[in-house]
Amino acid sequence: MSEILNLLHNSRKPQAKINLINNTYLVKNYNVFRIECISDKNIDEVSKPFKLLINKWYKSVNGFSFGIFDDKFKFENVGSIDRQSTFYLSDKQLPLVVRQTNKNDKITLKSGGHQSAKRIFINKKILSIFRKRAQTLLTSDGKVLSIIGYSESTILNYSDKRYTLVVKGINLKGEEHE
């Protein structure tokens, strides 16, 4: 019991979990805590990479919708868009691939520097449950285009075909638990 109270009162540890019994955990996420059953099976479902088809909507494991669209796609009746980014890609960078995010995945910043997925999650105070299920969009040669729903790389190559990453329905801060 004292371990639980110490965790809940420890402001230096904003996110943590304690195994109570049989995969049932007390999970602390910033100023919210809950008890949940956590199975590795749920995380394994995220880890299966897949090829992303152009002009098709996908549902992320975190519940929002996303897709990559070319200039021919008409954005009529799409609804509200939460994030939108443009990438200029050559045919040799296709097909695009989506896989589970690695905390060391790095997006390219406008300044030319890089930022890791881990740092993006910390800066945005993303709950650990969403971090574990986050997905990364990559070119066929492994270049990170986006930590989908969180941040996108800045790629300044205007000579190739233009594609737009669209994300809608984002609720990543865990408001439903507060």
Side-chain angles (χ1 to χ4, degrees), residues 15 29-30 42-178:
Q15 296 193 83
N29 286 305
Y30 296 95
N42 298 339
I43 295 169
D44 290 342
E45 291 173 9
V46 179
S47 63
K48 297 175 185 167
F50 64 92
K51 292 180 183 175
L52 195 78
L53 300 175
I54 305 298
N55 297 332
K56 182 177 188 288
W57 286 103
Y58 292 86
K59 190 81 160 176
S60 81
V61 181
N62 280 332
F64 55 84
S65 299
F66 68 95
I68 285 280
F69 303 94
D70 62 18
D71 289 337
K72 298 172 193 163
F73 186 81
K74 305 290 185 214
F75 287 99
E76 300 164 0
N77 302 320
V78 169
S80 78
I81 294 172
D82 294 310
R83 297 185 75 89
Q84 184 172 333
S85 295
T86 301
F87 301 107
Y88 294 87
L89 305 170
S90 66
D91 289 338
K92 69 180 182 175
Q93 291 176 296
L94 301 174
L96 300 177
V97 175
V98 173
R99 65 154 168 77
Q100 184 175 6
T101 299
N102 176 314
K103 69 179 181 179
N104 296 319
D105 284 345
K106 295 187 185 314
I107 61 145
T108 305
L109 303 172
K110 288 180 186 176
S111 65
H114 294 84
Q115 189 172 46
S116 70
K118 179 180 178 181
R119 178 52 46 200
I120 291 166
F121 294 148
I122 290 169
N123 290 348
K124 295 185 179 214
K125 296 186 176 183
I126 302 301
L127 300 178
S128 59
I129 190 168
F130 293 129
R131 295 178 191 195
K132 290 176 184 169
R133 298 185 311 198
Q135 295 169 292
T136 297
L137 175 66
L138 305 141
T139 61
S140 63
D141 56 356
K143 188 171 190 171
V144 174
L145 294 177
S146 175
I147 311 297
I148 302 172
Y150 302 95
S151 191
E152 295 78 27
S153 286
T154 301
I155 299 175
L156 303 173
N157 179 4
Y158 298 106
S159 62
D160 296 315
K161 293 179 186 172
R162 186 175 99 157
Y163 296 91
T164 304
L165 170 64
V166 177
V167 183
K168 63 182 190 166
I170 297 176
N171 179 16
L172 299 174
K173 295 226 178 196
E175 290 87 356
E176 71 275 8
H177 300 295
E178 294 184 348

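Just so it is clear, the structure is predicted and the values come from calculations on it, not from any experiment.
- With contacts defined as side-chain heavy-atom distances shorter than 4.5 Å, the pair Tyr163/Leu94 qualifies.
- Contact of the Gln93 side chain with the Phe87 side chain is not registered, since no non-hydrogen atoms from C-beta on lie closer than 4.5 Å.
- Distance check, rounded to the nearest 0.5 Å: NZ of Lys106 to CD1 of Ile147 gives 10.5 Å.
- For the pair Leu96/Thr139, a side-chain contact is recorded, criterion being any heavy-atom separation below 4.5 Å from C-beta on.
- With sequence neighbours left out, the salt bridge (Lys or Arg N to Asp or Glu O under 4.0 Å) criterion links Arg83 to Glu152.
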Using a 3.5 Å cut-off and no angle test, enumerate the donor-acceptor pairs between side-chain atoms of residues 50-58 and protein atoms at least two apart in sequence or in another chain.
| from | atom 1 | to | atom 2 | distance (Å) |
| --- | --- | --- | --- | --- |
| Asn55 | OD1 | Asp70 | N | 3.0 |
| Asn55 | ND2 | Asp70 | OD1 | 3.1 |
| Asn55 | ND2 | Asp70 | OD2 | 3.3 |
| Tyr58 | OH | Leu53 | N | 2.8 |

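- Between the CD1 atom in Ile129 and the CG atom in Asn62 there is a gap of 8.0 Å [rounded to 0.5 Å].
- When all heavy atoms of Ser146 and Ser151 are compared, the pair lying nearest together is OG-O, 3.1 Å.
- Heavy atoms of other residues, nucleotides or ligands lying less than 6.0 angstrom from NZ of Lys168 number more than 12.
- One N or O on the side chain of Ser140 and one on the backbone of Lys92 form a donor-acceptor pair closer than 3.5 Å.
- Atoms CD and CD1, on Gln115 and Ile120 in that order, are 4.5 Å from each other to the nearest 0.5 Å.
- In this structure, Thr108 contributes its side chain and His114 its backbone to no donor-acceptor pair below 3.5 Å.
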Apply side-chain contact (heavy atoms from CB on, under 4.5 Å) to residues Leu165 and Leu145 and explain how you reach the verdict. CA-CA 9 Å; Leu165 170 64; Leu145 294 177; over 6 Å; no

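- Residues Ser153 and Ile107 approach most closely at OG-CA, 3.3 Å, considering heavy atoms.
- Counting all heavy atoms, side chain and backbone alike, Gln135 lies closest to Phe66 at OE1-CE2, 4.3 Å.
- Counting only N and O atoms by type, the side chains of Thr136 and Thr101 include a donor and acceptor under 3.5 Å apart.
- In terms of heavy atoms, Arg162 sits closest to Tyr88 at CD-OH, 3.5 Å.
- Under a 4.0 Å N-O distance rule, the pair Asp71/Lys161 does not qualify as a salt bridge.
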Using side-chain contact (heavy atoms from CB on, under 4.5 Å), reason through Phe64 and Asp82 one step at a time and then give a plain yes or no. CA-CA 10 Å; Phe64 55 84; Asp82 294 310; 6.0 Å; no

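- Contact check for Leu137 versus Ile68: side-chain heavy atoms found under the 4.5 Å cut-off.
- Interatomic distance, Ile122 CD1 to Ser116 OG, rounded to the nearest 0.5 Å: 7.0 Å.
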